[in-house]
2 protein chains.
Amino acid sequence: MNTSSEPCPAQKLLKILSGKWKPQIFKMATHKPVRFNQLLRDLEGANKQTLATALREMVEEDILIKETVQEKPLHIEYTLSEKGKSLIGVFVTLEKLSEGDA
Amino acid sequence: MNTSSEPCPAQKLLKILSGKWKPQIFKMATHKPVRFNQLLRDLEGANKQTLATALREMVEEDILIKETVQEKPLHIEYTLSEKGKSLIGVFVTLEKLSEGDA
DNA sequence: TCAATTAGTCAAAAAAACATGACTACCATG
DNA sequence: CATGGTAGTCATGTTTTTTTGACTAATTGA
């Protein structure tokens with residue numbers, strides 16, 4: 001009905017992807033499952049709270065899937081969901097466009 | 001060298017696209033050039049300051065181009081730049097993925 | 001010349017995002 | 001049973017974003 005003032009459907013997703021650390025988390029998750037403390041160590045300057053929120057929101061948006069791994073040290077892993085995987089192309093496009101800036 | 005903690009190149013662009021009203025402005029600009037007061041009227045709840053900032057930042061990022069139209073009422077138009085046009089696909093993808101949520 | 005429309009700016013307040021440090025709880029090793 | 005690693009939560013404080021309302025300034029039409 002109203003194509004202008006109704007919140008763009010892409011907005012929520014955009015917000016989820018643009019929060020602090022989220023692009024990095026996403027990118028790391030495209031390589032291999034990510035883990036909380038590992039992120040805390042790898043992402044210098046990141047803090048627990050923000051990472052926890054970022055991971056929770058990305059799980060809520062079904063970009064990441066949270067699962068407990070029943071192995072040796074018993075831990076939690078976050079892996080890219082199918083929806084998450086279909087966002088890889090978006091990142092590729094965005095990164096290509098960023099290169100052009102110099 | 002460091003693929004993990006260095007800020008993702010897509011992040012800046014993502015931030016630009018995800019600010020308040022920006023997705024809507026972008027979308028409206030894909031249909032026809034947008035204007036300040038027109039946005040203020042169409043986007044219910046939007047305020048001058050935020051719109052002005054959004055437009056300025058989108059121009060700075062070369063997503064929109066600002067130009068004065070030397071016509072009848074003499075006004076300013078914001079049109080999609082080439083870079084902006086190449087982002088349309090990103091929005092299409094994002095919207096498709098949002099539909100799936102229901 | 002008065003009033004409206006154009007496109008904003010500015011200072012300040014409110015709201016949202018992010019950071020800090022303390023704390024919890026579970027499991028494993030020595 | 002103390003130490004360290006796992007994965008967080010909670011209260012608080014700072015910083016960034018967004019909102020509010022007043023104000024500016026040029027152009028247009030009656």
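Protein chains get the first letters and strands the later ones, always in sequence-line order, with residue 1 at the start of each. Quick caveat: nothing in here was measured; it's all calculated off a predicted structure.
At least one side-chain heavy atom of A:Lys27 sits under 4.5 Å from a side-chain heavy atom of A:Glu95. A heavy-atom distance below 4.5 Å is found between the side chains of A:Leu55 and A:Leu39.
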Sequence-aligned protein contact record of nucleotides 9-17 of chain C, with B where the base is within under 4.0 Å of a protein heavy atom and S where only the sugar-phosphate is: BBB-----S
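Across all their heavy atoms, B:Ser81 and B:Gly84 have their closest contact at OG-N, 2.9 Å. Across B:Leu80 and B:Ala29, no two heavy atoms sit closer than the pair CG-O, 3.8 Å.
Ion pairing between a basic and an acidic side chain is recognised when a charged N comes within 4.0 Å of a carboxylate O; A:Arg56 and A:Glu61 show no such pairing. A salt bridge is defined here as a Lys NZ or Arg NE, NH1 or NH2 lying under 4.0 Å from an Asp or Glu carboxylate O, and A:Glu57 with A:Lys22 meets this definition. A salt bridge does not link A:Glu77 with A:Lys66: none of the charged nitrogens is closer than 4.0 Å to a carboxylate oxygen.
Summarising the geometry, the separation between OH on B:Tyr78 and P on C:dT6 is reported as 14 Å, rounded to the nearest angstrom. In this entry the distance linking CG of B:Leu64 with P of C:dA7 reads 14 Å, nearest Å. Atom pair B:Leu55:CG and C:dT6:P shows a separation of 15 Å (rounding to whole Å applied). Taking atom CD of residue B:Gln38 and atom C1' of nucleotide C:dA7, one finds them 13 Å apart after rounding to whole Å. Computed from coordinates, the A:Leu40 CG to C:dA19 C1' distance equals 12 Å when rounded to whole Å.
Pairs engaging residues 35-86 of chain B under the ring pair (Phe, Tyr, Trp, His ring centres under 6.0 Å) rule: none recorded [sequence neighbours left out].
Along DNA chain D, read 5' to 3', the first and last nucleotides having any atom under 4.0 Å from a heavy atom of chain A are D:dT6 to D:dA11.
Hydrophobic cluster membership differs between A:Met28 and A:Val69, with clusters built from Ile, Leu, Val, Met, Phe, Trp and Tyr side chains linked at under 4.5 angstrom. B:Met58 and B:Ile65 fall into different hydrophobic clusters, where Ile, Leu, Val, Met, Phe, Trp and Tyr residues are linked whenever their side-chain heavy atoms come under 4.5 Å apart, directly or through other members.
An end-to-end axis angle of 0° holds for the helix from C:dT1-D:dA30 to C:dG30-D:dC1, taken from five base pairs per end and rounded to 10°.
Distance CG/A:Asn37 to CG/A:Leu51: 9.5 Å, rounded to 0.5 Å.
In terms of position on DNA chain C, the residue among A:Ala46 and B:Arg35 whose nearest nucleotide sits closer to the 5' end is B:Arg35.
Applying the side chain to side chain contact (heavy atoms under 4.5 Å, CB included) criterion to B:Gln70, with sequence neighbours excluded, gives B:Thr68, B:Leu74.
Contact check of residues 69-76 of chain A against DNA chain D (heavy atom, cut-off under 4.0 Å) returns A:His75, A:Ile76.
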Could you please spell out the steps behind the side chain to side chain donor-acceptor pair (under 3.5 Å) verdict for A:Gln11 and B:Ser18? CA-CA 7 Å; A:Gln11 189 157 28; B:Ser18 74; over 6 Å; no
